[in-house]
Amino acid sequence: DAGVIQSPRHEVTEMGQEVTLRCKPISGHNSLFWYRQTMMRGLELLIYFNNNVPIDDSGMPEDRFSAKMPNASFSTLKIQPSEPRDSAVYFCASSLGLGQGRAFFGQGTRLTVV
Amino acid sequence: KQEVTQIPAALSVPEGENLVLNCSFTDSAIYNLQWFRQDPGKGLTSLLLIQSSQREQTSGRLNASLDKSSGRSTLYIAASQPGDSATYLCAPYSGGYQKVTFGIGTKLQVIP
């Protein structure tokens, strides 16, 4: 398996634009997580899915953030409109179970909003 | 809410030394705990997963211990090498909250 695949690896966008981050989890994993990492706050859990259903989105900072998982092999995280303070590295991770099994992380998407 | 603290925040050691990284967490009702490694500009790699019923877990030169009742875990690295230089993060899974919470990490530098 190729592991968790995220795209794009880097994204530079202007303030106010819509940004869509993509994730393909490891085949067979039933849980998917979106994290944001910054120097100031470390790794923050934004939202997670189990069997394609959102379980907890309390970490999503604002209504500008939304996430979907239309099927077991694909998820998106959208920011609309984007702001400079959204600049961070966004990670997607997948696992068997919500936390019972090892979590496997993608390489991340480095987002810069100017 | 689970809070995770890792000490020290940064550590620099000469090659060959044995070292210990510490992790403490406030909610002892955890299901398991993972130790991750993160290289600069990369994602996280799971090194060890230790179940709440276990006291230790070993993988090569790495040994993780868990004292759930006191809310502590340690990662022991034997005979450190320059390739071990990375940030190490501890992440307990709280079954009640159904969440994995990460510490800020310990940045390790092993000097040749």
Side-chain angles (χ1 to χ4, degrees), chain A residues 2-10 21 23-26 29-51 53-60 88-112, chain B residues 1-10 23-25 27 29-54 57 59 62 64 66 68 73 75 86-107:
Chain A
V4 176
I5 300 173
Q6 291 187 246
S7 64
R9 289 294 312 277
H10 303 273
L21 310 181
C23 175
K24 177 178 167 54
I26 291 174
H29 282 185
N30 61 349
S31 295
L32 182 141
F33 309 82
W34 282 102
Y35 289 90
R36 177 171 70 175
Q37 187 177 41
T38 61
M39 289 289 291
M40 292 296 294
R41 300 170 71 95
L43 262 171
E44 301 175 279
L45 178 62
L46 301 177
I47 184 171
Y48 58 99
F49 297 81
N50 188 238
N51 296 322
V53 175
I55 302 299
D56 188 336
D57 65 355
S58 60
M60 298 284 257
V89 181
Y90 291 80
F91 287 104
C92 174
S94 71
S95 70
L96 274 174
L98 289 174
Q100 293 89 336
R102 281 190 173 188
F104 292 81
F105 278 71
Q107 292 293 296
T109 295
R110 181 173 294 277
L111 173 65
T112 303
Chain B
K1 178 186 173 185
Q2 178 74 278
E3 294 186 4
V4 181
T5 303
Q6 290 190 246
I7 295 172
C23 169
S24 62
F25 44 94
D27 180 6
I30 63 168
Y31 189 89
N32 63 41
L33 184 143
Q34 291 185 70
W35 280 93
F36 290 85
R37 167 187 175 137
Q38 185 175 28
D39 293 281
K42 304 285 188 182
L44 281 70
T45 300
S46 178
L47 298 172
L48 290 162
L49 185 152
I50 182 165
Q51 302 289 350
S52 63
S53 58
Q54 296 176 310
Q57 190 68 249
S59 177
L62 305 179
L66 175 64
K68 198 176 87 160
S73 178
L75 179 67
T87 297
Y88 291 80
L89 298 99
C90 148
Y93 171 58
S94 302
Y97 300 120
Q98 290 189 314
K99 287 184 179 180
V100 175
T101 306
F102 283 84
I104 294 292
T106 294
K107 186 172 183 179

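Sequence lines set the chain letters: A, B, ... in the order given, protein chains first and strands last, and positions in each chain run from 1. Note that the structure is predicted; figures quoted are calculated from it, not measured.
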Quick check: closest heavy atoms across [X] and [Y], and the distance to 0.1 Å?
| X | Y | result |
| --- | --- | --- |
| Gln107(A) | Lys42(B) | OE1-CD, 3.4 Å |
| Arg102(A) | Leu49(B) | N-CD1, 3.6 Å |
| Phe91(A) | Gln38(B) | CZ-NE2, 3.5 Å |

**Request:** Name all residues meeting the salt bridge (Lys or Arg N to Asp or Glu O under 4.0 Å) criterion together with Glu44(A); count only those two or more places apart in sequence or in a different chain, and write none if there are none.
**Result:**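 By the salt bridge (Lys or Arg N to Asp or Glu O under 4.0 Å) rule, Glu44(A) matches Arg36(A), Arg41(A).
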**Item:** Interatomic distance, Leu44(B) atom CG to Gln37(A) atom CD [nearest 0.5 angstrom]
**Value:**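 If I round to the nearest 0.5 Å, the distance is 6.5 Å.
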**Request:** Examine whether an atom of Ile104(B) lies under 4.5 Å from a heavy atom of chain A, and if so say whether it belongs to the side chain, the backbone or both; otherwise answer neither.
**Result:**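 It is the side chain, since no backbone atom gets that close.
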**Under 4.5 Å from a heavy atom of chain A, the part of Leu47(B) involved** =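 Just the backbone, heavy atoms under 4.5 Å.
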**By side-chain contact (heavy atoms from CB on, under 4.5 Å) - contacts of Tyr31(B) (at least two apart)** =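 Tyr31(B): side-chain contact (heavy atoms from CB on, under 4.5 Å) contacts with Gln100(A), Gln51(B), Tyr93(B).
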**Item:** Part of Ser58(A) lying under 4.5 Å from any heavy atom of chain B
**Value:**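 Contact with chain B involves the side chain of Ser58(A) alone.
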**Request:** Give, as side chain, backbone, both or neither, the part of Gln6(A) having an atom under 4.5 angstrom from any heavy atom of chain B.
**Result:**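 Neither the backbone nor the side chain of Gln6(A) comes within 4.5 Å of chain B.
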**Request:** Pick whichever of Ala103(A), Gly106(A), Gly101(A) has the most heavy-atom pairs under 4.5 Å with chain B.
**Result:**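 The option with the most such pairs is Ala103(A).
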**Asked** Which one, Gly41(B), Ser46(B), Pro92(B), leads in non-hydrogen pairs under 4.5 Å with chain A?
**Response**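 Among Gly41(B), Ser46(B), Pro92(B), the one with the most close pairs to chain A is Ser46(B).
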**Asked** Is there a side-chain contact (heavy atoms from CB on, under 4.5 Å) between Tyr35(A) and Val100(B) once you walk through the steps?
**Response** CA-CA 11 Å; Tyr35(A) 289 90; Val100(B) 175; 4.0 Å; yes
